[in-house]
Novice: 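Please read through the structure below; I'll follow up with questions.
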Amino acid sequence: MESSENGRESNEGISVKEENILNFLDSVDGYLILMDSLSSTLRQGWLELASARHSMGASRINSTLFDLKLHPASTTLQVNDQSAAPDRELPHFTLCKWASSNNPEKYFEEAKFGEVELLKKSNSLRHRDISHNSEIQARSPESVGSPVTVDDQAEKERYKSLSMFGTLVSPKLRASQLSFETALEMLVEVSNMRASLLCAHDQVQKDMETATK
Amino acid sequence: MTFNIHGGYLEAIVRGYRSGLLTASDYNNLCQCETLEDIKMHLSATEYGPYLQNEPSPLHTTTIVEKCTLKLVDEYKHMLTQATEPLSTFLEYITYGHMIDNVVLIVTGTLHERDVQELLEKCHPLGMFDSIATLAVAQNMRELYRLVLVDTPLAPYFSECITSEDLDDMNIEIMRNTLYKAYLEDFYRFCQKLGGATAEIMSDILAFEADRRAVNITINSIGTELTRDDCRKLYSNFGLLYPYGHEELAVCEDIDQVRSVMEKYPPYQSIFSKLSYGESQMLDKAFYEEEVKRLCLAFEQQFHYGVFFAYMRLREQEIRNMMWISECVAQNQKSRVHDSVVFIF
């Protein structure tokens, strides 16, 4: 009786260890895939930037046009306190994108790898604002936080960040911006994946030490 | 009959310069280069050789572009010093576009608190003038005009955009396009006054330029705060698209609507037929190819000033090709090199 219970416990222990090893291998696989995607997204972004420079001219796209005025960051990184929430599902890092300096409320979007809108490389152009007014329409309080409002805000912040190159910029420059934006999200995913990878590695190490004792 | 008295020597010079443009075989060699040093080695056998031979390693793509541009500037200055009226005025007109770009660069950079010296280094050499550094002190367009531009050839173009509004990104963009519109219209009128083959050839080339600008302004303004009325004001008052095409372009909301407008005009059908629906990436290349075709045709006739304009533009296209090839080589993206290279011969 005791030997069958011991056998059951050791079987469970082995399956837990195998599960830990599988988790570790999955994490490594996911990390390598993410790194590869990041590399190809960055390559695409740099080529699109060169293409925009080719289209608009070197006098319109060059490093001396970067804005040196003090302004709040449009995107910030939030580091989550893992000790407060030991739940492994909670990501270590969260990207807070396109927080508007003009709007008292911030719009948070968690970086989600595979998010269709941002991974889609937009070759099609954005539609012109159908408003006949040249002024930006005031946002009504009840619409704050709705998905359409978040998208509009993100779009406005994107245009604002490109304004150093002029207001009428080539679609290639906007495509380049999207590529780098996607790369930024991937970087955060890579960081979160790396944290999971290290956790899984630590678990496997512990299991190996237990096995050798 | 009497063209050769004053213009014969320079026409011969510019035709000689034209024979120095890179050929398809040169481009094939350049597209196979693995590094920027290889590009430098291949260019050493061309007319760019003396300009690049003393450049130290490691080379940068911007260095290659700067040195190629220096060659163009030297050739231009040689022609300008030898030219008499009205050819000298014609040659000066060719540089006003670069002058406008330089003015906007300085003003935009100053708005973003950049150092003036850094900005001056990025200016195109063909567009430099004496008081350009003073642009940095202007707060609005009135001051821009009063302090600096009143003594430059751009002064007449400012009457349409002088306001007391402070310079911000949108106003600068409108200023850029308004100045360029006024310049193109002025150049067009000047060529019409010259008459003969110059008027005929330059009318065609400048009309194409005006139409291309209208299309680019339309596409680039989609999704921005630029209203339809403002957009319409930026289109030139000549060209194949003027006036009905402009009316239709101003209300376009995406590339497919732009396509449906342009396909009504036979010269532009072939350009847009190369693009798939919803796609605009290859539009620039298609326009450049059409422009090169028209510029090369300018050399088929003699005794006109269009050859000078055509040569300058063909060299600029060549420099754009060099820039693209260098970027593809530097970024290890040689498979994309033919995306934007436009062969001249």
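What you are looking at is a predicted structure, and each value in this text was computed from that prediction instead of being measured. Worth knowing before you read on, the calculation uses all heavy atoms, side chains too, and leaves out hydrogens, waters and symmetry mates.
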Novice: Taking only Lys NZ, Arg NE, NH1 and NH2, and the carboxylate oxygens of Asp or Glu, determine whether B:Glu289 and B:Lys274 approach each other closer than 4.0 Å.
Specialist: yes
Novice: Non-hydrogen atoms of chain B under 4.5 Å away: do they reach the side chain of A:Arg60, the backbone, both or neither?
Specialist: side chain
Novice: Check each atom of B:Ile172 against the heavy atoms of chain A and say whether the ones under 4.5 Å are side chain, backbone, both or neither.
Specialist: neither
Novice: Mind checking the CD-CD spacing from A:Glu181 to A:Glu185? Nearest 0.5 Å is all I need.
Specialist: 6.0 Å
Novice: Would you mind checking which part of B:Glu327 comes under 4.5 Å of any heavy atom in chain A, side chain (CB onward), backbone (N, CA, C, O), both or neither?
Specialist: side chain
Novice: Heavy-atom distances under 4.5 Å only: say whether B:Tyr288 touches chain A with side chain, backbone, both or neither.
Specialist: side chain
Novice: Measure distances from B:Arg320 to the heavy atoms of chain A and classify the residue's part below 4.5 Å as side chain, backbone, both or neither.
Specialist: both
Novice: Looking at B:Arg228 and B:Glu253, is there a salt bridge between them, counting it only when a charged N and a carboxylate O are closer than 4.0 Å?
Specialist: yes
Novice: Quick check on B:Asn177 against chain A: is it the side chain, the backbone, both or neither that has a heavy atom closer than 4.5 Å?
Specialist: side chain
Novice: Report yes or no: is the cationic atom of B:Arg213 (NZ for Lys, CZ for Arg) under 6.0 Å from the centre of the six-membered ring of B:Tyr235, at an angle within 45° of the ring normal?
Specialist: no
Novice: Just give me the residue among B:Gln333, B:Glu316, B:Met323 that pairs up with chain A most often, heavy atom to heavy atom, under 4.5 Å.
Specialist: B:Gln333
Novice: Is it the case that the side chains of A:Glu48 and A:Ser179 hold a donor-acceptor pair, with the cut-off being a distance below 3.5 Å and no angle test?
Specialist: yes
Novice: For the ring pair B:Tyr51 and B:Tyr48, is the centre-to-centre distance below 6.0 Å?
Specialist: no
Novice: Can you tell which of B:Leu111, B:Val65, B:Asn216, B:Val104 has the highest number of heavy-atom pairs within less than 4.5 Å of chain A?
Specialist: B:Leu111
